[in-house]
Amino acid sequence: MSTAIRLITPDDTQKVATIIRTVMTEFACLGEGYSIEDPEVDDMYTAYATERAAFYVVERDGEVLGCGGFSPLVGGTADTCELQKMYFLPELRGHGLGQQLLQHCIQAATQAGYTYMYLETVARMTAANALYIKHGFQVLTGPTGATGHCGCDAFYRKSLA
């Protein structure tokens with residue numbers, strides 16, 4: 001089995017949108033207040049083709065099965081990025097690839113000059129929450145920035161310094 005983490009390309013946009021919608025539906029994260037409604041879901045390549053942002057896909061045997069990236073935190077300070085849309089289809093979970101992608105994003109965000117990484121999710125994504133805590137993310141009591149994701153109920157921040 002061959003796996004790779006690489007930057008998103010325009011050819012990945014439809015598959016990434018499908019992954020996001022599939023996983024969000026699986027965890028009942030539907031409707032207003034969830035990232036499934038973000039306009040960039042249909043073109044993640046263009047949305048992340050900006051300064052100090054990157055979006056990656058995870059391939060197994062040439063098939064895109066996961067994704068995630070970071071960009072400046074909307075409504076936040078210039079030293080804080082947000083880990084965004086890190087989702088894996090069920091067949092990719094449990095193989096350590098979430099950890100690899102998270103580490104990849106942390107390293108790239110650090111190189112991009114960020115001091116902090118913020119993220120928001122839902123508590124029912126228990127494996128994801130455990131991953132973030134394992135990698136030094138600290139639990140926050142509420143949201144930071146202005147993401148518009150009022151459906152989220154778990155908030156984290158990690159110092160990258």
Is [X] reaching over with its side chain to a backbone N or O of [Y], donor-acceptor style, under 3.5 angstrom?
X: Asn129; Y: Arg124; value: no
X: Lys85; Y: Ile20; value: no
X: Tyr114; Y: Arg52; value: yes
X: Asp79; Y: Thr115; value: no

Go through the side-chain N and O atoms of [X] and [Y] and say whether any donor and acceptor fall under 3.5 Å apart.
X: Asp11; Y: Thr9; answer: no
X: Tyr116; Y: Thr144; answer: no
X: Gln84; Y: Ser35; answer: no
X: Glu120; Y: Thr147; answer: yes

Can you name the nearest heavy-atom pair linking [X] to [Y], along with the distance?
X: Met117; Y: Leu83; value: SD-CB, 3.9 Å
X: Leu131; Y: Met86; value: CD2-CE, 3.8 Å
X: Ala17; Y: Val41; value: CB-O, 3.3 Å
X: Tyr45; Y: Ile8; value: CD1-O, 3.5 Å
X: Leu65; Y: Ile19; value: C-CD1, 3.6 Å
X: Glu37; Y: Glu32; value: CG-N, 4.0 Å

In terms of hydrophobic clusters joined by side-chain contacts under 4.5 Å, are [X] and [Y] together?
X: Tyr132; Y: Met125; answer: yes
X: Ile133; Y: Leu119; answer: yes
X: Val57; Y: Leu7; answer: yes
X: Tyr34; Y: Tyr118; answer: no
X: Phe70; Y: Leu73; answer: no

Please report the C-alpha distance between Asp12 and Met44 in whole Å, then the side-chain angles of each, then the deciding distance to 0.1 Å, and finally whether the side-chain contact (heavy atoms from CB on, under 4.5 Å) criterion is met.
CA-CA 9 Å; Asp12 300 320; Met44 297 296 285; over 6 Å; no
Worked check of side-chain contact (heavy atoms from CB on, under 4.5 Å) between Asp42 and Thr13:
CA-CA 7 Å; Asp42 287 314; Thr13 56; over 6 Å; no
With a 4.5 Å limit on heavy-atom distance, are the side chains of His149 and Val122 in contact?
no
Around Phe27, counting heavy atoms of other residues, nucleotides and ligands shown, do more than 12 lie under 6.0 Å from its CZ?
yes
Gln14, CD atom: more than 12 neighbouring heavy atoms under 6.0 Å
no
Between Leu92 and Glu63, does the side-chain contact (heavy atoms from CB on, under 4.5 Å) criterion hold? Intermediate values first, please.
CA-CA 11 Å; Leu92 198 63; Glu63 185 178 0; over 6 Å; no
Glu91 vs Arg60, salt bridge (Lys or Arg N to Asp or Glu O under 4.0 Å): CA-CA, chis, key distance, verdict
CA-CA 10 Å; Glu91 57 266 36; Arg60 186 178 67 194; 5.5 Å; no
Hey, what's the ring geometry for Phe137 with Tyr156, parallel, tilted or perpendicular (30° and 60° as the breaks)?
perpendicular
Measure up the Tyr48 and Phe55 rings against each other and bin them: parallel (under 30°), tilted (30 to 60°), perpendicular (over 60°).
tilted
